[in-house]
Amino acid sequence: MSATFTTASGADVRVRFCPSPTGTPHVGLIRTALFNWAYAKHTGGKLIFRIEDTDAARDSEESYEQLLDGLDWLGITWDEGEGVGGPNAPYRQSQRHDIYVGIIERLKQTGLLYESFATGEEIEARNLANGRDPKQGYDNFERELSDEQKAAYRAEGREPALRLRVPDTELSFDDLVRGEITFPAGSFTDFVVVRPNGIPLYTFVNPVDDALMGITHVLRGEDLLSSTPRQIALYHALIEIGVADVIPRFGHLPYVMGDGNKKLSKRDPSANLFHHRDRGFIREGLVNYLALLGWSLTHDRDVFSIDEMVAAFDVADVNPNPARFDLKKAESINGDHIRLLDPEDFEARLIPYLSEYVSTPPTPAQKAILREAGPLVQERMQLLGDAPSLLGFLFTPDDEITFDDDALPGADAAIVLDAAIATLGQLNAWSHDELERVLRESLVDGAGLKPRVAFGPLRTAISGKRISPPLFESMVILGKESTLARLERLRKIL
RNA sequence: GGCCCCAUCGUAUAGCGGCCUAGUACGCUGCCCUCUCACGGCGGUAACACCGGUUCGAAUCCGGUUGGGGUCACCA
């Protein structure tokens with residue numbers, strides 16, 4: 001027999017993002033936040049931001065601040081919750097203890113919660129003795145403990161945890177991304193919701209707060225899929241005592257995988273949201289890539305704006321397969337978004353990544369260089385963090401340029417440099433076209449060199465590198481004096 | 001082990017019974033452009049896990065097998 005229950009429908013969408021503030025923000029967690037946010041935006045619903053800080057040992061204020069930082073960076077905002085307030089405050093579970101105590105009391109009175117004294121070892125031993133798999137979990141053994149038995153336990157100095165009585169029926173629900181899922185009777189057992197010290201567990205406070213806050217759609221990670229029947233069982237209990245009136249819809253988002261076949265580990269640098277920001281992902285690029293982890297806009301486009309995502313996003317379209325975090329693809333998408341930036345915007349975003357060369361705010365001279373150099377590199381970068389190696393030479397004094405080993409030409413380049421110095425020394429119209437014209441004339445046409453042989457040493461002289469922004473444009477930015485000084489400096493070294 | 005989820009090129013995905021000799025993107029790769037590197041353009045590489053059904057017709061529906069993952073805490 002299948003249990004029947006009411007699900008939320010028709011009403012305005014209310015979704016939530018409810019992280020525990022432990023550690024630095026994980027991209028999988030942020031992806032979950034993004035999907036909830038996008039779904040709220042798409043449906044015109046509300047996103048509630050709640051802090052699940054019921055684990056004092058692991059929770060930290062620093063972690064909470066990082067969460068805010070990360071969400072703010074990506075532009076994920078919420079309509080109700082910690083930081084902005086709302087009718088269901090407080091939004092930190094550590095401040096909601098009194099609310100929980102009242103509900104626990106009512107649940108106890110109705111017999112939906114019962115006292116459990118058994119230790120893990122006792123449960124396992126009993127499973128073994130009864131021929132059950134020791135890993136099978138709790139056996140609902142204490143459902144009908146007599147007062148005498150309870151007193152005996154207390155006489156031993158034991159204090160009871162509280163378990164929820166789950167229905168002895170199968171339980172199914174219609175997952176928004178996976179369709180109908182059924183758990184057979186007996187595959188989920190009575191579980192602890194309150195510790196002996198009276199502090200409720202996540203398994204209790206999460207559904208309780210969802211109910212109290214009127215959450216209609218629970219979009220969360222696949223790791224919570226197996227606990228859904230227990231949550232639904234708790235919802236039944238909450239409905240029975242009038243705390244909830246409907247059961248929300250559930251949608252379990254696919255895992256974000258790392259290399260191999262395991263979840264992207266917290267220890268993997270790729271898991272850390274800020275690692276990507278530090279390397280120069282822009283928010284448009286990272287959001288786009290994160291959205292692609294389990295979702296797609298259309299069959300032939302994977303670069304899109306956040307607005308386009310919001311306009312099209314529906315949980316029902318989320319793919320149930322686990323998604324691998326592919327840094328190469330992410331960087332490529334980011335590069336596309338960098339190219340999409342307005343030049344001034346791009347310039348402004350570059351500055352923090354050039355801190356070793358450019359002061360904040362930049363001096364007028366630095367600003368002028370950035371203005372001219374920005375367009376030269378905007379299409380050459382996948383990450384803003386590429387900027388220092390590409391642009392550093394423009395901010396470095398002529399006599400402090402260091403030459404990369406792989407960029408150093410052979411002694412035969414001396415002829416090239418001599419010719420270039422002679423030619424440029426006489427050039428007065430210091431423009432891109434003139435520079436190219438006279439240098440080609442003297443080196444390529446005159447000396448009969450291949451362009452790459454002719455210009456390679458010049459590139460090294462002015463940038464110190466084998467790879468640089470376009471040569472003539474760079475010379476224009478540096479100016480005649482600086483260009484000649486650099487050419488002469490390399491000439492002397494050879 | 002019980003239960004649950006998942007299964008299309010190396011990766012992410014499109015596909016929701018005929019439009020599929022399976023599309024797109026990243027990656028890799030050939031050519032073009034070219035002062036380097038990029039960008040851009042034109043090609044190439046490469047996949048429906050397997051076995052049964054249902055059907056006139058299956059990547060698409062059903063069952064099984066195999067493989068992978070998750071979960072069975074007085075963590076969240």
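The chains referred to below are lettered A, B, ... by the order of the sequence lines, with proteins before strands, and numbering in each begins at 1. Hydrogens, waters and symmetry mates are skipped; everything else that's a heavy atom, side chains included, is used.
At the heavy-atom level, A/Gly294 lies under 4.0 Å from the strands shown only through sugar-phosphate atoms. Base contact: A/Pro470 has a heavy atom under 4.0 Å from a base atom. A/Arg178 comes within 4.0 angstrom of sugar-phosphate atoms only, judged by non-hydrogen atoms across all strands, and of no base. Residue-level contact check: A/Glu124 touches neither bases nor backbone, having no heavy atom under 4.0 Å from any strand.
At the phosphate of B/rA12, OP1 or OP2 sits under 4.0 Å from a side-chain N or O atom of A/Arg324.
At least one test fails for A/Arg16 against the ring of A/Phe49: distance under 6.0 Å to the centre or angle within 45° of the axis.
Residue A/Ser265 comes nearest to A/Ala271 through the heavy atom pair O-CB, 3.1 Å, listed as atom of the first residue, atom of the second, then distance.
Nearer the 5' end of RNA chain B, as judged by each residue's closest nucleotide, is the contact made by A/Leu293, out of A/Leu471 and A/Leu293. With RNA chain B read from its 5' end, the first of the two nearest nucleotides for A/Met381 and A/Tyr289 is the one closest to A/Tyr289.
For A/Asn288 and B/rA12, the CG to P distance is 17 Å, given to the nearest whole Å. For A/Asn319 and B/rC16, the CG to P distance is 14 Å, given to the nearest whole Å. Between A/Phe173 atom CZ and B/rC3 atom C1' the separation is 13 Å, expressed in whole Å. Rounded to whole Å, the distance from CG on A/Asp174 to P on B/rC5 is 12 Å. Computed from coordinates, the A/Glu379 CD to B/rU36 C1' distance equals 14 Å when rounded to whole Å. A/Asn321 places its CG atom 9 Å from the P atom of B/rC6, with the value rounded to the nearest Å. In this entry the distance linking CZ of A/Phe325 with P of B/rA25 reads 21 Å, nearest Å. A/Phe250 places its CZ atom 16 Å from the C1' atom of B/rC5, with the value rounded to the nearest Å.
Nucleotide B/rC31 forms a pair with B/rG41, judged by Watson-Crick or G-U wobble geometry with both contacts under 3.5 Å. When both pairing distances are held under 3.5 Å, B/rA7 makes a Watson-Crick or G-U pair with B/rU66. Remark: B/rA14 base-pairs with no nucleotide; criterion is Watson-Crick or G-U wobble with both hydrogen-bond distances under 3.5 Å. Pair check for B/rA47 finds none; no Watson-Crick or G-U wobble contact set falls under 3.5 Å. With a 3.5 Å ceiling on both atom-pair distances, the Watson-Crick or G-U wobble partner of B/rG1 is B/rC72. Base pairing annotation: B/rA59 forms no Watson-Crick or G-U wobble pair, as no partner gives both donor-acceptor distances under 3.5 Å. For B/rU21, there is no paired nucleotide, since no Watson-Crick or G-U wobble pair has both relevant distances below 3.5 Å.
The aromatic rings of A/Phe455 and A/Phe472 sit perpendicular to each other, their planes meeting at more than 60°, with 30° as the lower class boundary. Ring-plane geometry between A/Phe281 and A/His276 is classed as perpendicular, the angle between the planes exceeding 60 degrees on a 0 to 90 degree scale with a lower cut at 30.
Atom name C1', nucleotides B/rA7 and B/rA49: the rounded distance is 7 Å, in whole Å. The same atom, C1', is picked in B/rA12 and in B/rC28; the two are 16 Å apart, to the nearest Å. Nucleotides B/rU60 and B/rG44 have their C1' atoms positioned 29 Å apart, rounded to a whole Å. Separating the P atom of B/rG67 from that of B/rG23 is a span of 31 Å, rounded to the nearest Å. Spacing of C1' atoms, B/rC56 relative to B/rU65, comes out at 29 Å, to the nearest Å. Nucleotides B/rG18 and B/rA59 are separated by 11 Å at their P atoms, to the nearest Å. Taking the C1' atoms as reference points, B/rG40 lies 49 Å from B/rA76, given to the whole Å. On the P atoms, B/rU24 is 15 Å away from B/rG15, given to the nearest whole Å.
If you run salt bridge (Lys or Arg N to Asp or Glu O under 4.0 Å) between A/Glu115 and each of A/Arg154, A/Arg165, A/Arg143, only A/Arg154 comes through.
Rounding to the nearest 0.5 Å places OG1 of A/Thr483 at 5.5 Å from CE of A/Met475. Note that CZ of A/Phe173 and CG of A/Leu225 are 5.0 Å apart. Values are rounded to the nearest 0.5 Å.
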Classify every nucleotide of nucleotides 68-76 of chain B by which part a protein heavy atom approaches to under 4.0 Å, writing B for the base, S for the sugar-phosphate alone and - for neither, in 5'-to-3' order. SSBSBSBBB
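At a threshold of 4.0 Å, the pair A/Arg96-A/Glu82 does not count as salt-bridged, since none of the basic side-chain nitrogens sits closer than that to a carboxylate oxygen. The pair A/Arg249-A/Asp175 does not count as a salt bridge, with every side-chain nitrogen at least 4.0 angstrom from each carboxylate oxygen.
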Give me, pair by pair, the N or O atoms of the protein and of nucleotides 26-34 of chain B that are less than 3.5 Å apart, along with how far apart they are.
residue: B/rC26; atom: O2'; partner: A/Lys329; partner atom: N; Å: 3.3

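A donor and an acceptor atom sit less than 3.5 Å apart, one in the side chain of A/Arg380 and one in the base of B/rC37.
Counting non-hydrogen atoms of neighbouring residues, nucleotides and ligands closer than 6.0 angstrom, the CZ atom of A/Phe141 reaches no more than 12 such neighbours.
Closest to the side chain of A/Pro184, out of B/rC6, B/rG23, B/rC3, is B/rC3.
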A/Phe313/A/Leu34 under side-chain contact (heavy atoms from CB on, under 4.5 Å): CA gap, chis, key distance, verdict: CA-CA 11 Å; A/Phe313 186 82; A/Leu34 175 66; over 6 Å; no
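Under the 6.0 Å cut-off for aromatic ring centres, A/His337 and A/Phe346 do not qualify, their centroids lying 6.0 Å or more apart.
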